[in-house]
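What follows is a single structure, written as structure tokens, with notes after it.
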There are 2 protein chains.
Amino acid sequence: MNDRQPGSTSPKAQLIAGEVRRRIVEREWQQGERIPDEADLAVTFGVARATVNKALQLLADEGLLDRRRRAGTRVALNPVRKAIFTIPIVREQIERAGMKYGHRVVAQRRSPIPDETAARIGVPPGREFIHLRAVHYGDERAFQFEDRWINPDSVPGLDKVDFRHQNANEWLVRNAPYLRADIAFSAENADARDARMLGVPKGQALLILHRSTWNDTGPITTVRIACHPGYVISTAD
Amino acid sequence: MNDRQPGSTSPKAQLIAGEVRRRIVEREWQQGERIPDEADLAVTFGVARATVNKALQLLADEGLLDRRRRAGTRVALNPVRKAIFTIPIVREQIERAGMKYGHRVVAQRRSPIPDETAARIGVPPGREFIHLRAVHYGDERAFQFEDRWINPDSVPGLDKVDFRHQNANEWLVRNAPYLRADIAFSAENADARDARMLGVPKGQALLILHRSTWNDTGPITTVRIACHPGYVISTAD
DNA sequence: AGAATAATTAAGTTTAGACATAATTCAATA
DNA sequence: TATTGAATTATGTCTAAACTTAATTATTCT
């Protein structure tokens with residue numbers, strides 16, 4: 001993740017983090033073992049304690065170190081495997097792949113949210129949301145099918161937006177900053193609608209992305225995105 | 001992500017990050033707009049510039065701010081949606097759900113890696129790796145089926161380990177810290193083997209997790225994990 | 001006008017020092 | 001012996017000040 005070329009001039013904190021990482025990988029410092037405290041390391045590396053602190057914080061965030069006040073810093077027994085994924089905006093993703101972006105709204109209307117959706121975002125069932133279904137295309141081939149519910153009370157001016165000419169995702173990203181977001185991946189067999197929208201056989205395994213966002217006033221939007229077969233979400237950019 | 005209760009005594013950097021986040025969400029600072037510089041904010045908030053810097057860094061990491069030297073700090077036009085997933089150790093995940101963990105090794109032998117796998121980890125095809133297939137159970141029900149290739153040269157003493165009595169994942173986590181990791185999610189229809197191992201019908205949509213790790217000396221292991229139907233990977237802990 | 005150059009500015013990083021806080025250790029007490 | 005409480009200690013956080021670096025702006029020269 002934080003790979004730095006050895007030749008490049010890195011900030012000292014990065015260099016120190018790299019050196020500590022190396023000592024762990026090379027087993028100089030064993031799993032579970034206590035490592036020298038910040039003051040010691042500051043002396044041995046010839047930097048200020050704050051710099052050592054920054055480096056160790058970094059490794060703790062990565063899950064490689066366990067740190068506790070007074071108790072000291074230890075090499076993590078069970079290095080947590082964390083993965084950071086950046087969820088791109090569809091259009092950018094498609095265009096970056098050199099394809100022509102297309103967008104078709106299948107339906108836009110107000111209707112009461114289904115119970116399952118209501119439960120997902122913590123809203124009493126039966127509330128009226130804006131229901132939007134759209135397909136995103138790359139070079140005329142279906143890329144994603146999104147089934148979205150938008151809280152009409154979450155953003156002022158929402159009612160006047162015509163999402164047939166305005167990508168809902170992008171409009172929301174620009175106009176409805178959120179405080180909390182939930183993202184989940186799963187796999188589902190394509191149902192009849194998924195199959196029709198994406199142009200794939202029924203039963204085809206699809207990567208499903210559920211994303212919901214909240215404001216301080218409540219939920220903004222929740223969406224189920226069905227990705228075309230072969231879609232891969234990866235840490236590698 | 002970094003939600004703090006308003007009542008709790010947060011560090012100042014957290015409080016400032018929260019306040020800046022609020023101003024963005026409340027549209028006091030619009031998308032793309034330049035916000036006051038660190039020195040100004042330090043004065044208005046009555047803290048040192050380093051503290052403001054820490055807070056703004058935090059928000060920049062979240063993708064809410066764009067910062068460039070000399071150019072100043074602006075509210076991000078396209079807030080990047082980042083998601084941090086912690087990939088748990090299977091056994092812990094199962095036990096945390098209150099189920100009994102079980103583990104069965106289906107096969108363990110040395111054999112040449114297939115071309116596709118070789119390409120994935122950047123190794124000349126035909127090299128001999130340790131090939132391991134295992135099923136993880138929760139309360140006797142299949143939870144994950146893993147198909148793993150381990151580089152015998154990556155960790156000393158690897159050849160002597162009998163993974164029938166020793167969970168490969170955990171052994172590797174403890175004994176083979178890695179420098180780089182790649183994780184990818186996708187969806188696949190269960191093939192005959194997946195179906196048999198997981199006890200599901202052929203064609204069932206499965207969430208597939210590909211994970212590979214590298215050392216400075218080369219690849220350590222690569223694994224394809226097929227998760228039971230209904231498996232969800234989520235940002236919410 | 002256009003290109004090259006210098007000055008300026010805002011973020012990036014580091015430092016030394018201080019105080020806060022959580023855990024541990026150890027002694028005193030019931 | 002168990003409990004309480006104080007001293008200790010390593011990390012957590014903050015501050016003020018300085019320096020570094022990238023990008024912009026202004027200036028000078030052609």
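Residue numbers start from 1 in every chain, and the chains themselves are labelled A, B, ... in the order their sequence lines are given, proteins ahead of strands.
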Once side chain to side chain contact (heavy atoms under 4.5 Å, CB included) is applied, do any residues pair with [X], and if so which ones, sequence neighbours excluded?
| X | result |
| --- | --- |
| A/K12 | A/V47, A/T51 |
| B/D153 | B/R127, B/N151 |
| A/E170 | A/I89, A/R91, A/N167, A/R174 |

Which nucleotide, C/dT14, C/dG12, D/dT13, lies nearest any side-chain atom of B/N53?
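Of the options given, the side chain of B/N53 lies nearest C/dG12.
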
Side chain of B/A71 (C-beta onward), nearest among D/dA23, C/dA11, C/dT13
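So the side chain of B/A71 is nearest to D/dA23.
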
Distance check needed: [N] [atom2] versus [X] [atom1], whole Å only.
| X | N | atom1 | atom2 | result |
| --- | --- | --- | --- | --- |
| B/F45 | D/dT15 | CZ | C1' | 17 Å |
| A/K54 | D/dC14 | NZ | C1' | 14 Å |
| A/L59 | D/dT11 | CG | C1' | 15 Å |
| A/D66 | D/dA10 | CG | C1' | 15 Å |
| A/R67 | D/dT9 | CZ | P | 18 Å |
| B/L65 | C/dG12 | CG | P | 10 Å |

Hey, can you pull the residues of residues 34-42 of chain B with a non-hydrogen atom under 4.0 angstrom from DNA chain C?
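Heavy-atom cutoff 4.0 Å gives B/R34, B/D37, B/E38.
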
With no hydrogens and no angle check, do the side chains of B/R120 and B/T222 hold a donor and an acceptor under 3.5 Å apart?
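On atom types as modelled, these side chains do not qualify, holding no pair under 3.5 Å.
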
Among side-chain atoms of B/H136 and B/E146, is any donor-acceptor pair under 3.5 angstrom?
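Indeed, the side chains of B/H136 and B/E146 share at least one donor-acceptor pair under 3.5 Å.
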
The contact string for nucleotides 16-22 of chain D, one letter per nucleotide 5' to 3', using protein heavy atoms under 4.0 Å with B, S and - for base, sugar-phosphate only and none, comes out as --B--BB

Roughly how far, to the nearest 0.5 Å, is CD1 of A/I87 from CD1 of A/I233?
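Between A/I233 CD1 and A/I87 CD1, I get 5.5 Å after rounding to 0.5 Å.
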
Atom OG1 in A/T213, atom CG in A/L172: separation rounded to 0.5 Å?
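One finds 7.0 Å between OG1 of A/T213 and CG of A/L172.
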
Side-chain donor or acceptor of B/T221 paired with backbone N/O of B/W149 under 3.5 Å:
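Checking the backbone N and O of B/W149 against the side chain of B/T221, a donor-acceptor pair under 3.5 Å is found.
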
May I ask you to test the [X]-[Y] pair for a side-chain heavy-atom distance under 4.5 Å?
| X | Y | result |
| --- | --- | --- |
| A/W29 | A/R27 | no |
| A/L56 | A/R67 | yes |
| A/D66 | A/V75 | no |

For A/R68 and for A/G46, locate the closest nucleotide of DNA chain C by heavy-atom distance; then report the residue assigned to the nucleotide nearer the 5' terminus.
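Nearer the 5' end of the strand: A/G46.
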
Hey, what bend do you get for the helix from C/dA1-D/dT30 to C/dA30-D/dT1 if you fit axes on five pairs at each end, rounded to 10°?
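Angle reported: 10°, given to the nearest ten degrees.
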
Looking at A/Q14, does any N or O in its side chain come under 4.0 Å of the phosphate oxygens OP1/OP2 on C/dT13?
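No, no such contact exists.
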
Does D/dT11 have OP1 or OP2 under 4.0 Å away from a side-chain N or O of A/T73?
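A/T73 to D/dT11 OP1/OP2: side-chain N or O found under 4.0 Å.
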
